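As structure tokens, the structure follows; a few thoughts come after it.
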Amino acid sequence: MRMLSSIHNFTRSLVAAIAMLLLAAPVVASAQAELAEGPRTLIINYRADAADRTAFRQHMAGPFAKKLASLRAAGGLSSYEVYYSWYRQPGVWDAMAVLHFPDYAAVRKWQAVERASPGGLDAAGLALGAPVATFSADLSWEKSVDDLDVGEVYYVIPYSYREAAEYREYVAGYVLPQFDGWIREGALSGYQLYMNRYSVGAPWDSLFIQRYRDFDAFGKRQSVLDKVRVGLREKPEWMAWHKRKADIRSETENSIAELIAH
């Protein structure tokens, strides 16, 4: 009986461990699956004058987020995230909203919102800031270890690439092994990688959103990056991508932000 109990406990532990690994595995969408219908994610960038940054942040975390929550409750959105940049930068957004729709048909309904409220902003919001760009995107890779939490640190990196198929192979062979290593080291708690459906170069063809566990983890970003790369440099395939990466993609101005609503 004691042996049967031990076997039973071991089996339960093994099943639980496998379940956790499946939950943590990256969601990878093939190009064919993504392109089967229109893009189901809109990424909207907003700018505010320096004098209005504080009030605009409060608006985006308050009335704007409540509007998105109402749309989600009504089935118009499946989820959303609203980020606000730590600092004002020359060519970077102050706020960024990432809107996930349940299907492509739901994106059409957002057009009714846009007609009355550009970027989803009401009159009070438009008095403080404005939408400056909207991108139709595909969430091509994602991994999340735990639930989102307001106040977490996010590092947002836009890239341009020369060819989409080559870039997908590069992400799978070079980028994801690093991101997964950073998760194992306890620095990241997740990431999202988007591809612009209508990519034409600048400002971005792909957008990386790295989710750091906390302020201290973000401060150790470079040391963790270096540590993980030590092991990866021993892998010929990864090193081959490393040597070619400058020819495959180019990087523009990064953003450091926090999640203010979801």
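In this text, all values refer to a predicted model and were calculated from it rather than measured experimentally.
Between L121 and S117, the shortest heavy-atom contact is O-CB, 3.1 Å. Closest heavy-atom contact between P158 and T252: CG-OG1, 3.0 Å. Of all heavy-atom pairs between P102 and G76, the closest is CD-O, 3.6 Å. Minimum interatomic distance between L42 and S136 (heavy atoms only, all atoms of both residues): CD2-OG, 3.7 Å. Across G173 and W238, no two heavy atoms sit closer than the pair O-CD1, 3.5 Å. The two residues A137 and W204 come nearest to each other via the heavy atoms CB-CH2, 4.1 Å.
When atom types are taken as modelled, the side chain of D52 and the backbone of A55 share no donor-acceptor pair closer than 3.5 angstrom. In this structure, N45 contributes its side chain and A133 its backbone to no donor-acceptor pair below 3.5 Å. Side chain of D49 to main chain of A51: no donor-acceptor pair is present (N/O by atom type, distance under 3.5 Å, no hydrogens or angles). With hydrogens and angles disregarded, a donor-acceptor distance shorter than 3.5 Å links the side chain of E114 to the backbone of G119.
Remark: R47 engages no residue in a side-chain hydrogen bond (donor to acceptor under 3.5 Å, both in side chains) (not counting sequence neighbours). For E258, the salt bridge (charged side-chain N to carboxylate O under 4.0 Å, His left out) partners at least two apart in sequence or on another chain are R57. Partners of W182 according to the ring-ring contact (aromatic ring centres under 6.0 Å, His included) rule, which considers only residues two or more places apart in sequence or in another chain, are F179. Legend: residues meeting side-chain hydrogen bond (donor to acceptor under 3.5 Å, both in side chains) with N254, ordered by chain and number and at least two apart, are Y155, E251. Under the ring-ring contact (aromatic ring centres under 6.0 Å, His included) criterion, Y212 pairs with F218, not counting sequence neighbours. Scanning for ring-ring contact (aromatic ring centres under 6.0 Å, His included) contacts around Y46 gives F64, with sequence neighbours left out. For the side-chain hydrogen bond (donor to acceptor under 3.5 Å, both in side chains) test, no residue two or more places apart in sequence or in another chain qualifies with E234. Taking the side-chain hydrogen bond (donor to acceptor under 3.5 Å, both in side chains) definition, one finds that Q89 meets it with E253, sequence neighbours left out. Not counting sequence neighbours, the partners of R53 by the salt bridge (charged side-chain N to carboxylate O under 4.0 Å, His left out) test are D94. A search for ring-ring contact (aromatic ring centres under 6.0 Å, His included) contacts involving H100 returns nothing, not counting sequence neighbours.
Within a 6.0 Å radius of CZ in R108, no more than 12 heavy atoms belonging to other residues, nucleotides or ligands are found.
From D138, atom CG reaches atom CG of L193 across 12.5 Å, with rounding to the nearest 0.5 Å. S206 OG to N196 CG: the interatomic distance, rounded to the nearest 0.5 Å, is 9.0 Å. For the atom pair CZ of R249 and CD of E166, the computed distance is 11.5 Å after rounding to the nearest 0.5 Å. Here the straight-line distance linking atom CG of L68 with atom CG of L99 works out to 6.0 Å at 0.5 Å rounding. Here the CD atom belonging to E169 is positioned 8.5 Å from the CD atom belonging to E163, to the nearest 0.5 angstrom. With rounding to the nearest 0.5 angstrom, the CH2 atom of W110 is 6.5 Å from the CG atom of L77.
Using cut-offs of 30° and 60° on the angle between ring planes, the pair Y170 and Y167 is tilted. Y83 and Y154 have perpendicular rings, their planes meeting at more than 60° on a 0 to 90° scale where under 30° would count as parallel.
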Please determine whether side-chain contact (heavy atoms from CB on, under 4.5 Å) holds for the pair R168 and Y161, giving the CA-CA distance in whole Å, both sets of side-chain angles, and the decisive distance to 0.1 Å. CA-CA 10 Å; R168 288 176 180 274; Y161 54 72; over 6 Å; no
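In the hydrophobic cluster analysis, where Ile, Leu, Val, Met, Phe, Trp and Tyr join through side-chain heavy atoms closer than 4.5 angstrom, V175 is grouped together with M239. Linking Ile, Leu, Val, Met, Phe, Trp and Tyr whenever their side-chain heavy atoms come within less than 4.5 Å leaves V107 and M96 in two separate clusters. In the hydrophobic clustering of this structure, F208 groups with I183; members are Ile, Leu, Val, Met, Phe, Trp, Tyr whose side-chain heavy atoms approach within less than 4.5 Å, directly or through other members. V82 and F135 sit in two unconnected hydrophobic clusters of ILVMFWY residues. Membership requires side-chain heavy atoms under 4.5 Å apart, directly or through other members. Residues I260 and Y87 are members of separate hydrophobic clusters, defined by side-chain heavy-atom contacts under 4.5 angstrom among Ile, Leu, Val, Met, Phe, Trp and Tyr.
In this structure the side chain of L176 never reaches within 4.5 angstrom of the side chain of K143, judged on heavy atoms. Side chains of V171 and M195 form no contact here, defined as non-hydrogen atoms less than 4.5 Å apart. P131 places a side-chain heavy atom less than 4.5 Å from the side chain of L126.
For residues 64-83, the set of pairs meeting the salt bridge (Lys or Arg N to Asp or Glu O under 4.0 Å) definition, not counting sequence neighbours, is empty. Pairs passing the salt bridge (Lys or Arg N to Asp or Glu O under 4.0 Å) check and including a residue from residues 216-228, sequence neighbours excluded, read E185-K227.
A donor-acceptor contact closer than 3.5 angstrom is absent between the side chains of R213 and S189. Under the 3.5 Å distance criterion, with hydrogens and angles disregarded, no donor-acceptor pair is assigned to the side chains of T41 and Y194. Residues Y191 and D180 bring a donor and an acceptor atom of their side chains to less than 3.5 Å of each other.
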